[in-house]
Amino acid sequence: MSDNKVRVRFAPSPTGPLHMGGVRTALFNYLFARKHGGEFLLRIEDTDQTRYVPGAEDYIAEALNWCGITIDEGATVGGEYGPYRQSERKPLYREYAEKLIASGDAYYAFDTAEELDAIRNEYEAEKKTFTYNPDTRDNLNNSLALSADEVQAKIEAGTPYVVRFKMPVNEELHLDDEIRKHVIFNTSALDDKVLFKSDGMPTYHLANVVDDYLMKISHVIRGEEWLPSMPLHVLLYKKLGWEAEMPKFAHLPLILKPVGKGKLSKRDGDKLGFPVFPLLWTDPKTQDISSGYREDGYFPEAFVNMLAFLGWNPGTEQEIFSMEELSEAFSLDRVGKSGSKFDPEKTKWFNRQYLVTKSDEEIGQLFSKEVLAEKGIEADSDKVTRVCGMVKDRVDFISELWDQVNFFFEAPLEFDAKTAKKAWKGEAAELMQELKTILSDISDFSSANTEIIVKEWITAKEIGFGKVMNPFRLAMVGAGKGPHMFDIIELLGKDETLSRIDFACETL
RNA sequence: GGUCCGUUCGUCUAGGGGUUAGGACGCUAGAUUUUCAUUCUAGUAACACGGGUUCGAUUCCCGUACGGACUACCA
């Protein structure tokens, strides 16, 4: 770090939809930047053209945007360290590969992919694993084994080559990770990684280090899958002469399957019925659709809150955190070391917490837009607000509201058989007709007023409340559910209430 | 196979040499709501195992087991 400014980056590959684990990595980077008054960059690592998927980059940007993760600098917004797409930075990398060759820390290798595959197969047949390293490189087709003239001739002849890192022999590397603390690697167990491919593109390792250096990244916060390549990256900083500017590293634990073994995959979501992606994604090739949290009705705040608690916790008993609060509370020290199994149930619970705190008006508007409009129902917004307010603490999602309030918009055409069997028996029909008479005489149809009058009547008749209220509810709702009866009929209005009683008596 | 990382209730986790090992989700029960749900209250349930170190280890060390990542001209 040339100065102490915190600069972090999220560096996904545009190879498909962004997985929720990726979103969490982005989130932690973002929170870290906010916490320290730093900058959050988005860099697109598209050095592998063969895996490029159209639309993936837009998806990433849209997903982050939906989550409220704002990008200070990067592919979609620009900035002074651009371009932020590695494919657009292509001319930049060769120089560094050559610098490494000049210093003797890297070399040309002419082995073709096929040759290497063949060797790997031979090793495998003997139950051994082939690694391109100090033990094998002298017998392979590279500038370490060949004479200078031969190498020169091959290059001039245009023979394709890659540039490999010359891994030092038997050096013990003591590395520091912000989360895992002290980690030791011996270079003898490492291999000569390809830094520069024959297509003229750098590999992840080179591009990553070069770009982090050039973009003045202060902290590399990424998934645990990168921990094994941390020694290579550290070595690269050293050999390139950038040790003083080397960022600090933090490797995040993985998100695991809810049940069984292994890391969370798309299949788990399909099988268990929850999304693993933030947004709906349609595969451009196969047209396969993957569900998304947004389309499944999750609030971005809830999704983010849930994600933040996967591997991190504030050390207090507070669980509901706004993005502001997360930015304030976040610290790498409180990120755990072990992988977390994902719990879709808890995610629903988070959603519910946010749903309940929203105003009736807001919920009403969402419900109108997302559910009523879909069904072609037009309703007075005041009524929708009141209806939603009555039942909002019964659901986890806006979409579940319909089951709770449908009878406000459509009179029941049939009646729940189980409830009917229990509630509609004996003199139910007669009682309902009597009730209808009582109700029809009431001019002030407010909940409070109807309640007093009906209760007086029931008390005078000396029968159980259930004898009246249960069939009454069945007639109004069509089932044994719903809010306070008298609130329901106030909203339904007198005419509708009376006609529903008639319909129930005719039908049941 | 090799290298590295990890291991507290079913799950997410707090804690940390002496605690009734705390919270949350889930589940169960009771209360309330003369419906259903909510809500409230209670209950359920954990330091992977074996050796050390120590007066004392769930906590520190070492092993074992188990889990995970990596081991491509992919990121």
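Just so we're on the same page: letters track the sequence lines, and every chain starts at 1.
Using a 4.0 Å heavy-atom distance criterion, A/Arg473 is classed as a base contact. A/Pro483 comes within contact range of at least one nucleobase, with a heavy-atom separation under 4.0 Å. Among the heavy atoms of the strands lying under 4.0 Å from A/Phe185 are primed sugar atoms or P, OP1, OP2 only; no base atom is included. When heavy atoms are screened at a 4.0 angstrom cut-off, A/Thr112 is found touching base atoms of the nucleic acid.
Residues A/Gln86 and A/Asp211 bring a donor and an acceptor atom of their side chains to less than 3.5 Å of each other.
Taking every side-chain heavy atom of A/Val183 into account, B/C5 is the closest of B/U3, B/C5, B/C73. Side-chain proximity of A/Lys341 to B/A37, B/U11, B/U71: nearest is B/U11.
Residue A/Thr497 is tested with A/Leu435, A/Ile489, A/Thr450 for a side chain to side chain contact (heavy atoms under 4.5 Å, CB included); the sole match is A/Ile489.
Around CD of A/Glu496, the count of heavy atoms belonging to other residues, nucleotides or ligands within 6.0 Å exceeds 12.
The base of B/C73 is paired with the side chain of A/Ser198 by a donor and an acceptor separated by under 3.5 Å.
For the pair A/Thr203 and A/His182, both in contact range of RNA chain B, the more 5′-proximal nearest nucleotide belongs to A/His182.
Using Watson-Crick or G-U wobble geometry with both donor-acceptor distances under 3.5 Å, B/G18 finds its partner in B/C55.
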